Amino acid sequence: MGSHLSDRFFNEGYHVIGMDNLLTGSLSNIAHLMSEKYFEFYHHDVSKFVHVTGELDYILHFASPASPIDYLKMPIQTLKVGSLGTHNLLGLARQKNARILVASTSEVYGDPEVNPQNEDYWGNVNPIGPRGVYDEAKRFQEAMTMAYHNVHNLETRIVRIFNTYGPRMRLNDGRALPAFMSQALTNEDITVFGDGSQTRSFCFVDDMVEGIFRLLQSDYYLPVNIGNPEEISILEFANEILKLIPESKSKITFKDLPADDPKLRRPDITRAKEVLGWTPKVDRTEGLRMTLDYFKNQIKN
Ligand SMILES: NC(=O)c1ccc[n+]([C@@H]2O[C@H](COP(=O)([O-])OP(=O)(O)OC[C@H]3O[C@@H](n4cnc5c(N)ncnc54)[C@H](O)[C@@H]3O)[C@@H](O)[C@H]2O)c1
């Protein structure tokens with residue numbers, strides 16, 4: 001998402017500074033920006049002290065392992081970047097008198113007891129379960145951000161991002177969409193966890209970037225859900241992807257459901273509509289086609 005946000009802000013005329021320790025990210029996603037005068041890149045771990053020279057108007061804190069495969073492999077880095085990383089960047093925002101937006105997640109709702117989830121729902125998270133490292137890091141991030149807002153009057157924004165997809169995802173990052181697409185393109189079995197009745201709601205990255213851009217420009221400091229409210233079961237989703245790749249010989253197989261896997265996931269976006277005038281525009285078939293074209297190219301090269 002960082003590369004897409006960099007593109008958007010760069011195209012709006014901002015001088016963009018990217019900072020990433022490349023734990024899960026790839027420089028190839030920003031290769032097209034590297035020679036630009038108004039784009040800079042720092043290879044840095046934001047869980048360590050962050051120094052940037054000059055003035056800053058905005059800080060967008062998106063650093064974190066984000067897919068379950070990543071944060072289950074790197075639980076301590078995940079907790080550190082959500083806590084120490086957030087603290088460092090809030091400090092930087094204070095020093096620079098900058099507005100800061102932090103990337104929270106629908107995972108703060110855990111395995112929700114209400115569907116759809118609106119921002120007033122406090123969530124159902126198992127703090128010591130394997131996914132707790134991500135969910136609790138993001139919950140801490142929100143708490144720390146609100147504390148800086150309340151104590152230091154810092155201009156803060158909190159976006160609760162629901163599943164987002166699009167070009168530049170890694171084929172092997174373990175999330176359902178790249179897994180299904182790469183399996184279908186290589187004629188391997190499509191592995192659905194559980195019976196596939198668990199639901200997700202998938203938002204195309206361009207819609208997400210628009211929502212984030214609007215939230216950053218708004219005056220609203222409480223958390224805002226950004227996501228696509230169209231809910232689909234994972235089994236239906238696997239079938240939808242197979243339909244897009246009619247030449248595939250893949251068959252659907254079932255695997256055990258991972259611990260604490262949320263059964264339902266759907267954003268209530270009333271707040272985003274009212275406060276930001278935002279709704280997603282890209283429908284799933286169109287978004288999936290664009291993502292599939294990207295993955296086909298990746299597999300070819
Ligand atoms: N993609 C989604 O569906 C989704 C959903 C909810 C929340 N989010 C949040 O959005 C943000 C971006 O996610 P993404 O999907 O683009 O994932 P991503 O893995 O593509 O990007 C995360 C980036 O953070 C970098 N990073 C990790 N730890 C770091 C550290 N300590 N210092 C500097 N950089 C570090 C990684 O190298 C990577 O480039 C994350 O904070 C994630 O939690 C994403």
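Values below: every heavy atom of this structure, side chains too, minus hydrogens, waters and symmetry copies. Order of appearance sets the numbers: ligands from 1, and atoms from 1 within every ligand. The first residue of the sequence shown is numbered 1, and numbering continues consecutively from there. No experiment lies behind these values; they were computed from the predicted model shown.
Not counting sequence neighbours, H44 has no partner by the side-chain hydrogen bond (donor to acceptor under 3.5 Å, both in side chains) test.
Of the options V224, L60, L276, D207, a side chain to side chain contact (heavy atoms under 4.5 Å, CB included) to I212 is made by L60 and by none of the others.
Contacts classified as ring-ring contact (aromatic ring centres under 6.0 Å, His included) and involving residues 282-301 (residues at least two apart or in different chains) are not found. Listed by first and then second residue, the ring-ring contact (aromatic ring centres under 6.0 Å, His included) pairs that reach into residues 241-266 come to none, sequence neighbours excluded.
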E188 and T186: CA distance, side-chain angles, deciding distance, side-chain contact (heavy atoms from CB on, under 4.5 Å) verdict: CA-CA 6 Å; E188 284 169 34; T186 54; 3.4 Å; yes
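Near ligand 1, residues M1, D20, N21, L22, L23, T24, G25, H44, D45, V46, S47, F62, A63, S64, P65, A66, V81, A103, S104, T105, Y134, K138, I161, N163, T164, R175 each place a heavy atom inside the 4.0 Å sphere around the ligand atoms.
The environment of CD in E55 is sparse: at most 12 heavy-atom neighbours from other residues, nucleotides or ligands sit within 6.0 Å.
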